[in-house]
Amino acid sequence: MKHLLNPLDLSVEELDSLLQLAGDIEANPAKYAHACAGKKLATCFYEPSTRTRLSFEAAMLNLGGNVLGFASADSSSAAKGESVSDTIRVISCYADICAIRHPKEGAALVASSHSSIPVINAGDGGHQHPTQTLTDLLTIYSLKGHFDHLKVGFCGDLKFGRTVHSLINALIRYPGIEFILISPEELRVPGYIREGVLDANQIPYTEVERLEDAISDLDILYMTRVQRERFFNEEDYIRMKDFYILDRAKMELAPEKMLVLHPLPRVNEISVEVDEDPRAVYFKQAQYGVYVRMALILTLLGIQVA
């Protein structure tokens, strides 16, 4: 039995196979419409989510399976003090596979160690968000055709952004990757990513504060929101939340083939006037999230479709 807790749980070969399967699902949805008939996915979401929870549910329903679960800790026995380990033991009696989101880092690991069904980490605090990373990778691969020799800019909250940390870890396995890290000093990439990942693997990167200084040289611009829920101080959040706003004027500085990704939800960091720009692919990205989660469910359940 295999779990997905971290994007690096998948080898490059396993990742390639998963993305190829997701591509086939996109091209031939009817072929997979009954692949999970009789199977149940449990969605255990201890914190709010729109895209991740609904895309998991859509993925399982598209495969002909069923979904059960809860959308907040308040609507589960966690409100009564039940532990994650006890919850997953019970869920294992009801479902065939589980997706769990939790505000505490390491909660998915705890769940996996007590589970008799595959566990997918749907986000644990500011730590990992592997299925968002798979979504990001599928988006890049589908629209760029490759991962190697890309210059990728991350902009916004690089300190608390788990999507940023996960995608950096995934992309460094490909040759010729270079990162431009765009953030205010207070929201810079944490040391364990800078020294432990980038420096340790001799990955070239540049840290800048102004988006205008970097956008003209990028293949990918990955925008992030400043996350109110990760701040301890409301004043700091208010001061930081509008630090970067991608608008039409900034897009005029960008290369013609640059792609703009965003894990969503957005607040103010991308102006709605950018939505019509063909380089803005964040809503396509949300659709790719369904395909890649379908592929992941099939892979972890060991279901092959001829």
Side-chain angles (χ1 to χ4, degrees), residues 51 126 129 132-133 135-137 139-140 143-144 147 149-172 176-191 193-194 197-199 203-231 233 235-286:
R51 271 148 302 279
H129 195 351
Q132 181 63 53
T133 302
T135 298
D136 300 339
L137 292 172
T139 304
I140 294 169
L143 299 177
K144 282 289 186 184
F147 296 123
H149 298 92
L150 292 175
K151 185 172 283 190
V152 181
F154 291 100
C155 180
D157 179 2
L158 310 189
K159 180 178 182 180
F160 299 108
R162 60 190 170 195
T163 59
V164 171
H165 305 165
S166 292
L167 187 53
I168 286 174
N169 268 298
L171 285 174
I172 64 167
I177 284 288
E178 181 178 347
F179 298 116
I180 309 297
L181 307 174
I182 310 155
S183 72
E185 185 173 353
E186 296 92 332
L187 295 176
R188 290 172 64 191
V189 160
I193 295 290
R194 190 184 301 106
V197 177
L198 298 173
D199 291 342
I203 305 298
Y205 68 94
T206 306
E207 293 183 288
V208 302
E209 190 162 296
R210 284 168 37 90
L211 177 56
E212 296 90 330
D213 293 340
I215 196 170
S216 64
D217 200 27
L218 299 177
D219 298 301
I220 306 287
L221 173 59
Y222 195 98
M223 295 294 295
T224 68
R225 71 185 171 94
V226 175
Q227 304 172 82
R228 181 193 294 267
E229 64 269 28
R230 307 295 175 212
F231 277 79
N233 185 314
E235 291 179 4
D236 286 345
Y237 167 73
I238 292 172
R239 183 164 50 85
M240 293 286 136
K241 70 183 180 71
D242 293 330
F243 206 92
Y244 297 106
I245 298 177
L246 181 65
D247 55 20
R248 186 176 292 131
K250 292 187 181 71
M251 288 297 289
E252 289 178 358
L253 304 173
E256 183 181 346
K257 294 186 178 180
M258 185 191 78
L259 301 178
V260 181
L261 277 67
H262 191 305
L264 302 177
R266 69 170 164 190
V267 185
N268 300 316
E269 62 278 3
I270 300 180
S271 170
V272 294
E273 68 186 20
V274 175
D275 294 353
E276 301 307 314
D277 191 304
R279 294 168 292 183
V281 298
Y282 28 87
F283 293 116
K284 284 184 181 178
Q285 190 179 350

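Just so we're clear, the structure is a prediction, and the values are computed from it rather than from any experiment.
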ask   = Counting only N and O atoms by type, is there a donor-acceptor contact under 3.5 Å from the side chain of Arg194 to the main-chain atoms of Val189?
value = yes

query = Given side chains that start at C-beta, do those of Asp247 and Glu273 come closer than 4.5 Å, heavy atoms only?
reply = yes

message = So Leu221 and Leu246, do their side chains get closer than 4.5 Å, heavy atoms only?
response = yes

ask   = Stepwise, does the side chain to side chain contact (heavy atoms under 4.5 Å, CB included) test hold for Thr133 with Asn169?
value = CA-CA 9 Å; Thr133 302; Asn169 268 298; over 6 Å; no

query = With a 4.0 Å cut-off, would you call Glu269 and Arg225 a salt bridge?
reply = no

message = Just verifying a value: how many Å separate Met251 CE and Ser271 OG, rounded to the nearest 0.5 Å?
response = 11.0 Å

message = Working to the nearest 0.5 angstrom, can you tell me the gap between Glu178 CD and His149 NE2?
response = 11.0 Å

ask   = So, for His165 and Phe160, which heavy atoms are closest and what is the spacing to 0.1 Å?
value = CE1-C, 4.3 Å

task = Let me see the working for Leu259 and Asp219 under side chain to side chain contact (heavy atoms under 4.5 Å, CB included), right down to the final yes or no.
result = CA-CA 6 Å; Leu259 301 178; Asp219 298 301; over 6 Å; no

request  = Look at the side chain of Tyr244 and the backbone N and O of Glu209, then say whether any donor-acceptor pair between them is shorter than 3.5 Å.
outcome  = yes

remark   = When every non-hydrogen atom of Val274 is compared with those of Ala280, the smallest separation belongs to O-CB, 3.5 Å

key: Working for side chain to side chain contact (heavy atoms under 4.5 Å, CB included), residues Val260 and Ile270   = CA-CA 10 Å; Val260 181; Ile270 300 180; 4.2 Å; yes

message = Would the distance check show the side chain of Gln285 and the main-chain N or O of His262 forming a donor-acceptor pair, the cut-off being under 3.5 Å?
response = yes

message = Do Val272 and Arg266 have side chains that approach each other closer than 4.5 Å (heavy atoms only, starting at C-beta)?
response = yes

ask   = Any side-chain heavy-atom pair from Thr139 and Lys284 closer than 4.5 angstrom?
value = no

Minimum heavy-atom distance Tyr222-Thr163, with the two atoms named = OH-CB, 3.4 Å

task = Answer whether the closest heavy-atom distance between the side chains of Thr224 and Phe154 falls below 4.5 Å.
result = no

task = Please name the pair of heavy atoms, one in Ile177 and one in Ile203, separated by the smallest distance, quoted to 0.1 Å.
result = O-CG2, 3.9 Å

query = Going from CD on Glu212 to CG on Leu253, what distance comes out if it is rounded to the nearest 0.5 angstrom?
reply = 7.0 Å

ask   = Do you know the tightest heavy-atom contact between Pro190 and Leu158?
value = CD-O, 3.4 Å

key: Spacing of Gln132 atom CD and Leu137 atom CG [to the nearest 0.5 Å]   = 10.0 Å

Student check: side-chain heavy atoms of Tyr205 and Asp199 closer than 4.5 Å = yes

query = Which heavy atom of Pro255 sits nearest a heavy atom of Ile215, and at what distance?
reply = CD-O, 3.2 Å

key: From CG (Asp275) to CZ (Phe283), nearest 0.5 Å   = 5.0 Å

request  = Find the distance between CZ (Arg51) and OG1 (Thr135) and round it off to the nearest 0.5 Å.
outcome  = 11.5 Å

